[in-house]
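All chains are named by letter (A, B, ...) in the order of the sequence lines, taking the proteins before the strands, and each is independently numbered beginning at 1. Everything quoted here is computed from the prediction, not taken from an experiment.
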Amino acid sequence: MDTWQILHIPDNPPIAPDQQPTVDVIASLIDPEFANTLVRRLNQISPLENLRHVKRVKKKFVEGGKTQLSVILCLASENGNQLESMQNDVQELMNSYKLSPFITKVCKYAALSKEEWEEQCKIWPTSYHPPTYNIDGITGFSEEDSQSVFRFMKYAIQLAKSSDNLVVNAAVIVDPLVKQVITTACDQTCSSYSPANKITLETSCCEKLEAFISHSDSDGILNHETVHSNSFPDKSKQLCTGVSCLYPWQWADQQSDMSSCYWHPLRHAAIVAIESSAARDRYLFPSLGKIQDKSFEMDHMQSSSAGSLAKRQKTNSTNVHSDDNLDANGEGSSSLSVRPYLCTGFDMYLVWEPCIMCAMALVHQRIRRIFFAFPNPNAGALGSVRRLQGERSLNHHYAVFRVLVPQQILSREG
Amino acid sequence: MASLGEEYPDDTHTFMLLAIEQAKVAMDCLEVPVGCVIVEDGKVIASGRNRTTETRNATRHAEMEAIDTLLEQWREKRLSQSEVAKTFSKCKLYVTCEPCIMCAAALSFIGIKEVFYGCANDKFGGCGSILSLHSSSSEPLIRGGAPRGEGFKCNGGIMASEAVSLFRSFYEQGNPNAPKPHRPLAQQATQ
């Protein structure tokens, strides 16, 4: 791999592109001269109701630069006797144009990806409409947004490499509206880091944040990170054993004396990052901790907000009584008067695909998009072993992307 | 998942009552009322209740709170990882609502022995309702991976009506911090 790339991981497992289900149709070669008339007539008398993605006409170039056209007359019936089960008007059309019908296959379902579509067209041409969801990026990223995604992923990878000389998973929560890092965390299932008491944690979290903002360029990305390891261990699996989401059961098998270390079987990077973002929220908006303050969550807004990040749910720190106020507060991002509900509208960058515990934690905390660099064949919950983004019963859904990382980023020194 | 409670040991209801007490504490703090206790050798060694509103951390479910309490206790006693793992493998959890997908995974990772829960969790349940993480045990897909946990025994429907009525009164009193229910209240299971 030598270029950056962002791949959407869809809600449903992709079918092998060349193994898509098909249905039989009755088609016939036609004289190109009559194509328009025939297609118009067939669309009236024999519309392809459940095959709207299938093109009526197939064009084939034959020897001598000529084109050969075939047209779908109708669906083939389930039982054998095709001609008798055909509608009368289709039969009439067939007879009057002296068509010789044959049975052929077309793909049963519309293509979900460009790859599927290309395979479909080998059988019979179809049309392809990329999905239109309400989360930015699923239908593609602008150049500017792609660059921003790559920079945040690079930052996450640097964090993963710089922790304790052991490669761990790293998590970066980002506000994509202002391209600002909200918080970062690494795995703490086994580390020399010991969390201080809560007040220090909150303070240091926000000091770090301020330091980060002041050190960062306009993209919110640090440039002075130093990286000590010179190769990234997606090939040397030995080093990857520090990645909690890859080996969530492994904490119990630690042989070495870890009594001096801080360890916790469940402190995976994503969990720690969520905790840290919650601490940041309490620090930045302390008054909201009081019981009389009200914050509303409106799940239905997520489906109706049509992809506009600016319409992200907001809660007003003083007095929110109706849904309407939320949209009015949609401008801006981290001003002290408004705060997002949990991590609504935020993106999560993870070096490795999260396990099911972390993936569900990110649902609970209302993350909007997840970007990960490496799949987790052992316990990955976003496409590798499970596909949590496709569980429709959940009350929140995020979009999932894999970011392909150029090799030189992984092996680069410093 | 087993059917309703008769075949359980006598103390099942006793421990579930303690979990319900925890759920009531959560409700008094305007938290979604879910509570739990963890039991080792017939003794309650930790309890927990939902703290998602207070912490603004939606992962602070009762189970996670109780697990963290135990880990903190054992850290002070300087227990090793293997000692902790061994103790967890003797522990039973009693929780008022079916553990969510996140908590069910966490319970599998720590290697809990058995879970008893009250009402099912139609939206998020990780012990049979949506996913079945308690029964998942398969070979790791990449070589050198640690073998997956054996899962844990799971028993649902214990004093479920009490758990549901707590949810109902919580939403009827008007939860200022959580979503308006989108479904009939009886189905609402929010952890």
Side-chain angles (χ1 to χ4, degrees), chain A residues 190 237-238 241 246-255 257-259 262-266 271 274-275 277-279 281-282 285 288-289 291-300 341-343 355-366 377-379 381 384-386 388 391 393-395, chain B residues 29-30 52-61 64 67-68 71-72 75 78-82 84-86 88-89 100-111 121-126 129-131 133 136 138 140-149 176-180 182 190-191:
Chain A
C190 180
K237 288 188 175 124
Q238 212 180 347
T241 56
L246 279 175
Y247 304 99
W249 286 276
Q250 185 176 261
W251 66 276
D253 304 331
Q254 290 295 336
Q255 297 299 319
D257 175 26
M258 288 303 198
S259 56
Y262 175 86
W263 57 270
H264 185 305
L266 304 179
I271 301 285
I274 287 170
E275 180 184 276
S277 74
D281 189 67
R282 296 194 305 269
F285 308 98
L288 288 164
I291 282 163
Q292 66 266 31
D293 287 318
K294 296 184 176 190
S295 62
F296 290 88
E297 171 196 357
M298 268 141 301
D299 286 330
H300 64 272
Y341 175 75
L342 302 173
C343 285
C355 68
I356 189 77
M357 175 182 75
C358 292
M360 189 62 203
L362 294 165
V363 172
H364 285 317
Q365 201 70 8
R366 304 295 199 274
N378 215 17
S384 293
V385 177
R386 299 179 188 277
L388 194 66
E391 291 292 343
S393 73
L394 305 181
N395 64 345
Chain B
C29 301
L30 298 183
T52 53
T53 303
E54 175 196 333
T55 57
R56 301 186 207 172
N57 179 340
T59 72
R60 298 314 299 170
H61 290 181
M64 303 299 256
I67 291 168
D68 279 3
L71 284 163
E72 194 52 47
R75 192 184 334 280
R78 302 205 162 263
L79 261 57
S80 71
Q81 274 107 323
S82 57
V84 165
K86 201 177 158 198
F88 271 136
S89 73
C100 77
I101 288 166
M102 172 189 74
C103 290
L107 291 163
S108 156
F109 295 165
I110 64 167
N121 185 334
D122 295 338
K123 280 156 85 185
F124 309 131
S129 291
I130 307 298
L131 296 180
L133 298 165
S136 76
S138 60
L141 297 176
I142 51 181
R143 262 189 304 161
R148 292 187 169 214
N177 300 303
K180 294 160 194 163
H182 301 152
T190 313
Q191 178 153 356

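Heavy atoms only, all atoms of each residue included: A:M357 and B:A106 are closest at SD-CB, 3.7 Å. The minimum heavy-atom distance linking A:H364 with B:C100 is given by the pair NE2-SG, 3.3 Å. Residues A:S393 and B:I130 approach most closely at OG-CD1, 3.1 Å, considering heavy atoms.
Here A:P248 pairs with A:H268, A:A379, B:F109 under the side-chain contact (heavy atoms from CB on, under 4.5 Å) rule; sequence neighbours left out. By the side-chain contact (heavy atoms from CB on, under 4.5 Å) test, B:T59 is found to be paired with A:I274, A:A361, B:N57, B:M102, residues two or more places apart in sequence or in another chain being considered.
Heavy atoms closer than 4.5 Å to chain A are found in the side chain of B:L131, but not in its backbone. In this structure, the portion of A:C355 lying under 4.5 Å from any heavy atom of chain B is its side chain and not its backbone. Interface remark: A:L362 contributes no atoms to any contact with chain B (heavy atom separation under 4.5 Å). A:L266 touches chain B through its side chain: at least one heavy atom from C-beta onward sits under 4.5 Å away, while N, CA, C and O do not. For B:L71, the part lying under 4.5 angstrom from a heavy atom of chain A is the side chain only.
Using a distance-only test at 3.5 Å, with no hydrogens or angles considered, no donor-acceptor pair links the side chain of B:Q81 to the main chain of A:A252. Looking only at distances, a side-chain donor or acceptor of A:R282 sits under 3.5 Å from a matching main-chain atom of B:T55. With hydrogens and angles disregarded, a donor-acceptor distance shorter than 3.5 Å links the side chain of A:W249 to the backbone of B:S108. Using a distance-only test at 3.5 Å, with no hydrogens or angles considered, a donor-acceptor pair links the side chain of B:R56 to the main chain of A:D281. Under a 3.5 Å cut-off, the side chain of B:R75 and the backbone N or O of A:Y262 do not form any donor-acceptor pair.
For the pair B:I101 and A:R386, the minimum side-chain heavy-atom distance is 4.5 Å or more. Residues B:F124 and A:E391 have side chains not in contact (no heavy-atom distance under 4.5 Å, counting atoms from C-beta outward).
One distance of note links CH2 of A:W251 with OG of B:S82; it measures 9.0 Å at 0.5 Å rounding. Remark: B:I67 CD1 to A:H264 NE2 distance equals 8.0 Å, nearest 0.5 Å.
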